[in-house]
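Reading through the structure tokens given below for one structure.
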2 protein chains.
Amino acid sequence: MAQQIPAPLGRGPKRNLFAHVVASLGLRIIKGELSPALPFPKEADLGAEFGASRSVIREAVKSLAARGLIASQTRTGIRVLEPLNWNLLDAEVLNWRYSTMPQAEFYSELFEIRLLIEPEAARLAAIRGNAAEIATIAQAFAAMSEAARTETSGVAADLSFHRAILAAAHNALLLQMGNLIAVGLDIAHRLSRESFAVFLPMHQRVLDAIIARDSDAAGSAMRHLLSETQEFMNRLIRT
Amino acid sequence: MAQQIPAPLGRGPKRNLFAHVVASLGLRIIKGELSPALPFPKEADLGAEFGASRSVIREAVKSLAARGLIASQTRTGIRVLEPLNWNLLDAEVLNWRYSTMPQAEFYSELFEIRLLIEPEAARLAAIRGNAAEIATIAQAFAAMSEAARTETSGVAADLSFHRAILAAAHNALLLQMGNLIAVGLDIAHRLSRESFAVFLPMHQRVLDAIIARDSDAAGSAMRHLLSETQEFMNRLIRT
DNA sequence: TATTCACATATTATCTGATAATATGATAAA
DNA sequence: TTTATCATATTATCAGATAATATGTGAATA
């Protein structure tokens with residue numbers, strides 16, 4: 001039986017048109033190729049460029065508008081908003097930004113926030129976390145250890161560890177910062193697989209402090225973990 | 001000349017259908033009336049309910065999806081995502097949440113973050129802010145003083161003041177937190193008009209420290225301003 | 001009985017073409 | 001010079017169609 005022709009490939013993805021248009025325009029905006037100063041193509045032009053119907057273009061525009069990147073108005077057309085309005089904590093925007101910014105700059109910006117957020121989160125987790133939440137943190141740590149032992153990727157477990165701490169801090173807005181951490185860990189683990197095992201003991205110290213309900217120790221253990229990671233990454237990036 | 005009939009008012013806004021559908025569904029999701037456990041109405045049903053075409057419904061769905069509230073898939077339909085995925089820092093989501101949560105709870109959550117972010121931002125502003133940026137902070141403060149003198153609403157100036165400090169800290173992710181502050185100030189100024197003049201001197205102390213490039217003083221002045229505001233609000237809410 | 005496979009079906013994804021609303025700029029009037 | 005009127009360009013909304021795809025059903029099989 002003749003294998004089905006795999007893709008139409010007129011020129012690019014035809015199956016996920018919407019996602020493709022969103023990502024393509026989003027990236028162009030973050031790069032600055034489309035800016036508030038420049039005129040934005042109108043729906044019809046975008047449709048022609050992407051080979052998409054107006055529906056798809058309009059849905060993509062609404063998606064980008066919801067992220068604060070653009071706004072659209074009858075007769076006026078579409079325009080790029082000032083970066084001030086961009087939802088930088090949106091996972092997509094975060095990734096687009098990461099892929100276009102100088103790595104060192106992005107990373108220092110990111111860690112500045114993590115150092116602000118996570119020690120306090122660890123502190124609160126030690127105070128407010130209930131048994132189940134602390135168990136979740138412990139489980140994530142166990143998964144990290146197991147990954148280190150079997151030398152498999154522990155990035156998911158690492159993320160779970162940090163997210164579980166945010167969750168145990170009982171502040172929904174804090175939990176939101178998980179996106180930041182996700183990107184940070186993703187970069188870290190892509191740059192260096194081994195970083196992982198090195199930092200395991202520091203994670204353990206955070207966990208132990210939380211279990212012991214020692215909030216100050218939890219905070220400083222987390223601060224220590226992050227500073228060391230940051231320094232480690234800086235060395236890596238520089239070389 | 002007969003005045004034009006002002007609105008079709010079949011039942012609700014007909015002019016901004018898209019925005020209406022987004023707000024309506026968004027609110028229902030935040031309230032929990034639509035949850036991950038429950039089945040979500042399909043596009044056709046939503047269209048019937050809102051008296052809107054499928055295009056409008058689909059655009060609204062994409063807008064909510066971009067905020068992490070829902071996801072949609074062929075054949076499976078639409079489903080509400082876990083609150084973990086919600087973009088809580090999105091201005092709309094923030095407002096929906098504010099209007100449905102117990103005020104005291106929302107407020108304490110909010111201030112926990114502000115106390116985390118803003119003192120450090122003030123500290124960084126004192127170190128990194130350039131002349132123009134510091135001038136912007138000063139201008140905002142002048143506008144606040146003027147508003148206090150003329151007893152007009154200074155909420156815009158207040159917001160400008162805090163945003164200008166975030167901007168002077170030179171970290172785009174930090175600047176993002178401006179949305180939080182906007183909601184916080186909005187609530188504060190709605191609860192009490194006079195709070196404004198009372199806190200003017202504390203704002204001044206922050207400004208002065210930044211001008212003097214005294215980072216530690218700027219940080220503690222900001223911390224002081226926020227704690228006092230929080231306590232003031234707590235008293236107001238309790239009564 | 002349990003597992004695998006083929007297939008009908010329900011729902012979103014995309015396309016097409018039309019009408020309505022509205023902000024802008026041009027034109028005319030004051 | 002300012003104000004009022006109007007044509008126009010662009011998005012907003014509607015309507016109806018076809019395509020793609022995940023799910024469950026039932027048949028075939030071990």
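Since the structure is predicted, the reported quantities are computational estimates derived from the model, not experimental observations. A note on names: the letters A, B, ... follow the listed sequences, proteins ahead of strands, and every chain is numbered from 1.
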Next item on the list: Indicate, yes or no, whether a donor-acceptor pair under 3.5 Å links the base of C:dT16 to the side chain of A:R54.
Entry: no
Checklist line | Neighbour count >12 (heavy atoms, 6.0 Å) for atom CD, B:E33 | finding: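 Result for CD/B:E33: enclosed.
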Next item on the list: Tell me yes or no: between the side chains of A:N130 and A:H170, is some donor less than 3.5 Å from an acceptor?
Entry: no
Margin query: Quick test of your reading of the model: are A:K62 and A:E43 salt-bridged, counting only N-O distances below 4.0 Å?
Written below: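 Answer for the salt bridge query: no.
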Check: Toward the 5' end of DNA chain C, which comes first, A:S55 or B:S72, by nearest nucleotide?
Finding: B:S72
Distance check needed: [N] [atom2] versus [X] [atom1], whole Å only.
| X | N | atom1 | atom2 | answer |
| --- | --- | --- | --- | --- |
| A:F50 | C:dA13 | CZ | P | 19 Å |
| B:I57 | C:dA13 | CD1 | P | 14 Å |
| A:L46 | C:dC15 | CG | P | 14 Å |
| B:R58 | D:dC14 | CZ | P | 15 Å |
| B:R75 | C:dT14 | CZ | C1' | 19 Å |
| A:Q73 | C:dT22 | CD | P | 11 Å |
| B:F40 | C:dA10 | CZ | P | 21 Å |
| A:E59 | D:dT13 | CD | P | 13 Å |

Margin query: Is B:T76 close enough to D:dT23 that one of its side-chain N or O atoms is under 4.0 Å from OP1 or OP2 there?
Written below: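 So the side chain of B:T76 is within the cut-off, an N or O lying under 4.0 Å from OP1 or OP2 of D:dT23.
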Would you indicate which nucleotide in [options] comes nearest to any side-chain atom of [X]?
| X | options | result |
| --- | --- | --- |
| A:T74 | C:dA23, D:dT10, C:dC15 | D:dT10 |
| A:K42 | C:dC15, D:dT10, C:dT12 | D:dT10 |
| A:E43 | C:dA23, D:dT11, C:dT14 | D:dT11 |

Check: What pairs with A:E92 under side chain to side chain donor-acceptor pair (under 3.5 Å), at least two apart in sequence or on another chain?
Finding: none
